[in-house]
Each structure stands twice: as structure tokens, then as C-alpha cells.
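The next block holds one structure in the form of C-alpha cells; read it before the comments.
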Amino acid sequence: MTDPHDPMHLAMIAAEAAAARGEVPVGAVITGPDGAVLAQAGNRTLELKDPTAHAEILVIREAAQVLGNERLIGCDLHVSLEPCAMCAGAISFARIRKLHFAASDPKMGGVLHGGKLFEQPTCHHRPEVHQGHLAHASAELLRSFFRARRG
């Protein structure tokens with residue numbers, strides 16, 4: 001049984017809500033240094049007509065407001081899919097302590113795939129990266145979403 005207090009489980013709930021809105025099902029949660037949830041969001045690029053409204057960007061913005069600081073030192077990001085290059089850059093700038101992601105993204109990922117931002121010499125902050133928790137559930141949600149869209 002999945003722990004309903006597990007941040008990745010909460011990220012999956014946000015991803016499912018995004019899918020229900022017709023958005024690509026990606027969800028994210030930021031926890032503070034004490035483990036408390038500071039922000040939770042799913043993709044909203046279509047709804048907001050904003051190509052930067054990825055789940056990761058939205059939770060980074062919200063957590064920064066909650067903390068009153070653009071640096072999220074000691075905070076952890078939990079996301080259902082490997083962040084793209086844009087989101088990886090934001091993660092670095094926000095000084096996220098740990099990045100946890102469920103499914104990898106060979107097509108658009110920017111952490112283990114593509115530009116591998118955190119491995120670049122120009123990257124000033126590299127979070128500790130963990131992957132795989134709830135990867136199967138995330139990958140299946142994405143597959144079923146895109147299968148339904150292709151009709």
C-alpha cells in the first residue's frame with residue numbers, strides 16, 4: 001500500500017489531477033527541511049497558456065513565496081517525471097537540496113538525458129538526485145494519457 005503522506009504519492013495525485021484537466025500528467029511536491037509539504041502542483045501549461053507552467057516551476061514559485069526566499073535551501077523536490085532542461089535549471093537556481101523523480105524521460109529529460117544539466121561545468125548547484133520511486137505508476141499514467149489522446 002502506498003503511504004498517502006509520501007511526497008511522491010502526493011506528486012502522483014497532482015499528476016492525475018493534471019491528466020484530468022487535459023494536461024500532460026506530471027506532478028510535483030516540494031518539502032521543507034522539516035519534511036513538511038510546502039507546495040504541490042501539476043502541469044498547467046494549457047490552462048495558463050504558459051509554456052513555463054510545468055509542475056516543477058509552479059511548486060518552486062509557490063515554495064519561494066511560502067518561505068519568502070528565492071533560495072529553497074534544505075528543500076527537496078519530488079516529481080513524477082524526470083525534469084526537462086528548463087526545470088533542471090530552475091532546480092539549480094533555487095538551490096534544491098534533493099531531487100527525487102519517479103520515471104525517467106529519455107526524450108525530454110534534462111537530468112539523466114539530453115543536456116544532463118547537473119553534469120555541466122556551468123551548473124553552480126547540483127542537487128542530490130534519486131530516481132525510481134513509483135516509476136512504474138508514473139510511466140503507466142503517462143502511457144495511458146498519450147494512448148487516449150492518440151485515440
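All values below come from the heavy atoms of this structure, side chains included, with hydrogens, waters and symmetry mates left out.
Closest non-hydrogen pair, Leu72 versus Asn69, comes out as CD2-O, 3.9 Å. Between Pro51 and Thr45, the closest heavy-atom pair is O-CG2, 4.0 Å. For the residue pair Ala102 and Ala135, the shortest heavy atom distance occurs at O-CB, 3.3 Å.
Between the side chain of Ser144 and the backbone N or O of Leu141 there is at least one donor-acceptor pair closer than 3.5 Å. Of the possible polar contacts, one joining the Glu82 side chain to the Asp105 backbone as a donor-acceptor pair under 3.5 Å is found. Remark: side-chain polar atoms of Arg126 are paired, donor with acceptor, to backbone N or O of Phe118 under 3.5 angstrom. Judged by distance alone, with hydrogens and angles left aside, the side-chain atoms of Ser138 form a donor-acceptor pair with the main-chain N or O of Ser80 at under 3.5 Å. A distance-only check finds a donor-acceptor pair linking the side chain of Gln120 to the backbone of Gly115 [under 3.5 Å]. At least one donor-acceptor pair under 3.5 Å links the side chain of Ser92 to the backbone N or O of His125. Proximity of a side-chain donor or acceptor of Asn43 to a complementary backbone N or O of Val24 within less than 3.5 Å is detected.
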What verdict does the side chain to side chain contact (heavy atoms under 4.5 Å, CB included) test give for Asp6 and His133, after you've listed the backbone C-alpha separation in whole Å, the side-chain angles of each residue and the deciding distance to 0.1 Å? CA-CA 10 Å; Asp6 169 28; His133 179 50; 2.6 Å; yes
For a side chain to side chain contact (heavy atoms under 4.5 Å, CB included) check, start with the C-alpha distance between Met8 and His100, then their side-chain angles and the critical distance, and finish with the verdict. CA-CA 8 Å; Met8 191 63 77; His100 304 267; 4.0 Å; yes
Under the side chain to side chain contact (heavy atoms under 4.5 Å, CB included) rule, what do Leu99 and Val111 come out as? Steps first, then yes or no, please. CA-CA 10 Å; Leu99 165 63; Val111 176; 4.0 Å; yes
Between Leu58 and Glu62, does the side chain to side chain contact (heavy atoms under 4.5 Å, CB included) criterion hold? Intermediate values first, please. CA-CA 6 Å; Leu58 296 174; Glu62 185 177 339; over 6 Å; no
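Checking each of Val59, Thr31, Val37 against His78 for a side chain to side chain contact (heavy atoms under 4.5 Å, CB included) leaves exactly one that passes, namely Thr31. The side-chain hydrogen bond (donor to acceptor under 3.5 Å, both in side chains) with Asp76 is formed by just one residue from the set His130, Arg97, Lys98; it is Arg97.
Atoms CD and NE2, on Glu23 and His54 in that order, are 9.5 Å from each other to the nearest 0.5 Å. Atom CD of Glu56 sits about 10.5 Å away from atom CD1 of Ile96, to the nearest 0.5 Å. With values rounded to the nearest 0.5 angstrom, Thr52 atom OG1 is found 13.5 Å from Arg44 atom CZ. Note that CD1 of Ile91 is 10.0 Å distant from CE of Met86, once rounded to the nearest 0.5 Å. Note that CD of Gln40 and CG of Leu10 are 5.0 Å apart. Values are rounded to the nearest 0.5 Å. For the atom pair Arg71 CZ and Arg95 CZ, the distance stands at 4.0 Å (nearest 0.5 Å).
Both Val26 and Leu117 are members of a single hydrophobic cluster when ILVMFWY side chains are connected at heavy-atom separations under 4.5 Å. Taking hydrophobic clusters as Ile, Leu, Val, Met, Phe, Trp and Tyr residues chained together by side-chain heavy-atom distances below 4.5 Å, Leu112 shares a cluster with Leu81. One hydrophobic cluster, built from ILVMFWY side chains closer than 4.5 Å, cannot hold both Leu134 and Val129; they sit in different ones. Linking ILVMFWY side-chain heavy atoms closer than 4.5 Å, directly or via other members, places Ile60 and Val66 in a single hydrophobic cluster. Linking ILVMFWY side-chain heavy atoms closer than 4.5 Å, directly or via other members, places Ile13 and Val79 in two distinct hydrophobic clusters.
Between Glu140 and Arg147 a salt bridge is recorded (basic side-chain N to carboxylate O distance below 4.0 Å).
In Glu47, the CD atom is crowded: over 12 heavy atoms of neighbouring residues, nucleotides or ligands sit closer than 6.0 Å.
Looking at heavy atoms from C-beta onward, Leu38 lies in side-chain contact with Cys75 at the 4.5 angstrom threshold.
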